[in-house]
Structures are given as C-alpha cells and as structure tokens.
Amino acid sequence: MGIIIKTEEQINLIRESCRLLAIVHRELGELIRPGISTREIDIKGDQLIRKLGGVPNFLHYQGYPASICVSVNDEVVHGIPSKRRILQEGDIVSLDAGMIYKGYHSDQARTHAVGQISPEAQKLIDVTRESFFAGIKMARAGNHLFDISNAIAAYVKPFGYGIVRDLVGHGVGTKLHEDPQIPNYQQKRRGPKLRPGMTLAVEPMINMGRGDVEWLEDNWTVVTQDGSLSAHYENTILITEGEPEILTV
C-alpha cells in the first residue's frame with residue numbers, strides 16, 4: 001500500500017482522535033495503585049473512550065478480547081486484562097490503548113509505577129521514555145525513517161538494555177497499523193524519506209535484560225524471555241515542515 005500522506009482534513013481528525021486518547025491515558029494513569037485489578041483498568045478505559053465519542057480500536061482487533069492492553073512487569077505488550085490479576089506494590093505496568101474517532105485511529109502507550117518501585121525499574125521507565133524523544137529529534141521532513149530507529153537504538157545502547165526486535169512502530173490513519181514499520185533497533189539501510197503529512201506511531205519497547213521475547217499460550221501476551229522487566233512508551237506523531245508534532249498529548 002505504501003506510506004499514506006494525509007490531507008489537512010485527515011490530519012485534523014487524527015489530531016482530535018489523539019487528543020481524546022491522551023485524556024484517556026491521563027485518567028487511567030491516575031487509577032494505577034496497588035490492589036486494583038487489570039480488568040478494572042480495562043473497564044474504565046473502555047468507558048472513557050466511549051464517553052469521549054470514540055470506539056476502542058483494540059477491542060476484537062484480530063481477536064484481542066479487551067479495550068486496553070495491560071502488561072505487568074515482564075509482559076512487554078498485549079497483556080490481557082483479568083479480574084484475577086491484581087497490581088502489587090513495586091510492580092510496573094504498561095497501558096497501551098487506542099481509539100477510533102470519526103474513522104481515524106490513534107495509538108499511545110505509557111509505563112507506570114505501582115506505588116514505590118525500585119530505582120532500577122524507574123530508570124528503565126525513564127530511559128525508555130527518553131529514547132522516544134531521542135528518536136523523534138530525527139523525525140523531520142527530509143530525514144529518513146530509519147534515522148528515527150537508529151537514534152532510539154543509540155540512546156538505549158549505553159545502558160545495556162535489550163531492545164525488542166519482534167515488535168515495531170507503524171503508520172496510523174484509517175487503519176490502526178499502516179505502512180511503514182518503524183523498528184527501534186539499528187538499521188543498515190536508511191529507509192524511505194520522511195515527508196510532511198505522515199502520521200506515525202513511534203514506540204520503543206525496552207527490556208532490562210535481553211531483547212528476546214516470546215508469546216504466551218493465549219497467543220497475545222508477549223513476555224521477556226529472561227523474565228526481566230519491560231517498559232513501553234508510545235506516541236502518535238505527525239511529520240511537518242519543521243519540528244514533529246506529538247499528537248497524543
């Protein structure tokens with residue numbers, strides 16, 4: 001299909017979808033505490049998305065059974081919410097959620113501390129977040145797609161963390177996953193040239209140990225192979241004539 005350059009009208013609809021999604025994430029972040037179940041987070045997220053006039057785009061996507069992906073500790077992404085999974089003091093939890101607003105998708109993820117967490121866990125969350133911002137410094141028209149990938153990888157490398165290679169960022173628009181794929185690890189090629197009007201979900205997934213992952217028997221939950229903690233930070237961004245615009249804020 002190729003990378004779709006969005007019109008001004010399409011950009012405005014994606015921008016609004018992203019603005020509303022950011023409200024959902026802020027409210028869900030305030031819910032995070034020891035004793036809450038991952039299912040409660042999912043229920044609240046679904047309610048918020050619909051209250052704001054959207055539809056949860058993860059629900060039933062290729063069979064996924066929930067509206068919010070809730071991934072705890074060694075779960076990288078796509079954790080399935082459960083009333084039996086209770087957050088504990090010291091956990092870290094990643095919330096990945098998106099919505100459809102007037103036919104246009106948005107996508108965003110954040111990793112949160114549950115109560116007091118270890119300095120090592122906090123550092124992982126912070127480095128993952130900062131690697132996103134290192135990447136989007138390169139997200140300018142005229143640069144190439146993999147300049148983003150290489151900047152993320154270069155930021156993470158000195159910390160000795162593992163970068164997940166089996167999962168990548170992607171384009172966003174009338175579909176949740178559009179071209180192009182956006183790796184978070186070093187690339188030998190430059191990739192396509194960035195052009196104004198591209199809307200991209202940039203999402204580093206960083207493990208405290210190795211970058212290797214595996215899928216659980218539910219065929220959705222991705223976990224670190226070595227059992228180490230994993231953090232996730234994602235925003236939908238717009239390539240402009242100048243600085244990139246972070247839409248999910």
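Residue numbers run from 1 in the order of the sequence given.
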Could you list the donor-acceptor pairs under 3.5 angstrom formed by side chains in residues 43-56, with sequence neighbours left out?
{"unit_1": "Asp46", "atom_1": "OD1", "unit_2": "Arg50", "atom_2": "NE", "d": "2.8"}
{"unit_1": "Asp46", "atom_1": "OD2", "unit_2": "Arg50", "atom_2": "NE", "d": "3.4"}
{"unit_1": "Asp46", "atom_1": "OD2", "unit_2": "Arg50", "atom_2": "NH2", "d": "3.4"}
{"unit_1": "Asp46", "atom_1": "OD2", "unit_2": "Ser67", "atom_2": "OG", "d": "2.6"}

Which atom pairs, one a donor and one an acceptor, fall under 3.5 Å between side chains of residues 153-171 and the rest of the protein, sequence neighbours left out?
{"unit_1": "His170", "atom_1": "ND1", "unit_2": "Leu176", "atom_2": "O", "d": "3.1"}
{"unit_1": "His170", "atom_1": "NE2", "unit_2": "Asp107", "atom_2": "OD2", "d": "3.0"}
{"unit_1": "His170", "atom_1": "NE2", "unit_2": "Glu203", "atom_2": "OE2", "d": "3.4"}

Taking all non-hydrogen atoms of both residues, which atom of [X] and which atom of [Y] are closest, and how far apart?
| X | Y | result |
| --- | --- | --- |
| Ala231 | Thr128 | CB-OG1, 3.4 Å |
| Ile32 | Val114 | CG2-CG2, 3.8 Å |
| Leu194 | Ala139 | CD1-CA, 3.8 Å |

[Y] and [X], any side-chain heavy atoms less than 4.5 Å apart:
| X | Y | result |
| --- | --- | --- |
| His232 | Val77 | yes |
| Trp215 | Thr221 | no |
| Val202 | Ile148 | yes |
| Asp147 | Arg190 | yes |

Is it true that [Y] and [X] share a donor-acceptor pair across their side chains at a distance under 3.5 Å?
| X | Y | answer |
| --- | --- | --- |
| Lys6 | Thr199 | yes |
| Ser17 | Ser106 | yes |
| Ser228 | Asn207 | no |
| Arg110 | Asn235 | yes |
| Arg140 | Asn143 | no |

Shared ILVMFWY cluster between [X] and [Y], side chains joined below 4.5 angstrom?
| X | Y | value |
| --- | --- | --- |
| Val213 | Val223 | no |
| Ile23 | Tyr101 | yes |
| Leu238 | Leu200 | no |
| Val172 | Met205 | no |
| Ile117 | Leu229 | yes |

| query | So Gln108 and Thr236, side-chain contact (heavy atoms from CB on, under 4.5 Å) or not? Walk me through it. | reply | CA-CA 6 Å; Gln108 180 182 358; Thr236 301; 5.8 Å; no
| Between the side chain of Thr38 and the main-chain N/O of Ser82, is any donor-acceptor distance below 3.5 Å? | yes
Check [Y] with [X], please: is the shortest side-chain N to carboxylate O separation under 4.0 Å?
| X | Y | result |
| --- | --- | --- |
| Glu120 | Lys123 | no |
| Glu241 | Arg195 | no |
| Asp126 | Arg129 | no |

| field | Centroid-centroid under 6.0 Å between His105 and Tyr61 rings | value | no
| said: Does Ser94 form a side-chain hydrogen bond (donor to acceptor under 3.5 Å, both in side chains) with Ser71? I'd like the steps, not just the answer. | reply: CA-CA 5 Å; Ser94 298; Ser71 307; 5.8 Å; no
| message | Does Lys175 form a salt bridge (charged side-chain N to carboxylate O under 4.0 Å, His left out) with Glu178? I'd like the steps, not just the answer. | response | CA-CA 6 Å; Lys175 296 180 180 178; Glu178 295 183 349; over 6 Å; no
| task | Return yes when atom CD of Gln181 has more than 12 non-hydrogen atoms of other residues, nucleotides or ligands closer than 6.0 Å, and no otherwise. | result | no
| task | Could you tell me the separation between the CE atom of Met198 and the CD1 atom of Ile239, rounded to the nearest 0.5 Å? | result | 7.5 Å
| query | Under the side-chain contact (heavy atoms from CB on, under 4.5 Å) criterion, do Leu87 and Val72 qualify, and how do the steps go? | reply | CA-CA 8 Å; Leu87 297 184; Val72 184; 3.7 Å; yes
| Would Val93 and Asp91 satisfy side-chain contact (heavy atoms from CB on, under 4.5 Å), going step by step from the backbone distance to the final call? | CA-CA 6 Å; Val93 58; Asp91 286 343; 5.8 Å; no
| task | Evaluate salt bridge (charged side-chain N to carboxylate O under 4.0 Å, His left out) for Glu245 paired with Arg15, printing each intermediate quantity in order. | result | CA-CA 10 Å; Glu245 181 181 348; Arg15 184 182 281 119; 2.9 Å; yes
| said: Check the orientation of Tyr64 and Phe58. Use parallel for under 30°, tilted for 30 to 60°, and perpendicular for over 60°. | reply: perpendicular
| message | Which label fits Tyr233 and Phe133: parallel for a plane angle under 30°, tilted from 30 to 60°, or perpendicular past 60°? | response | tilted
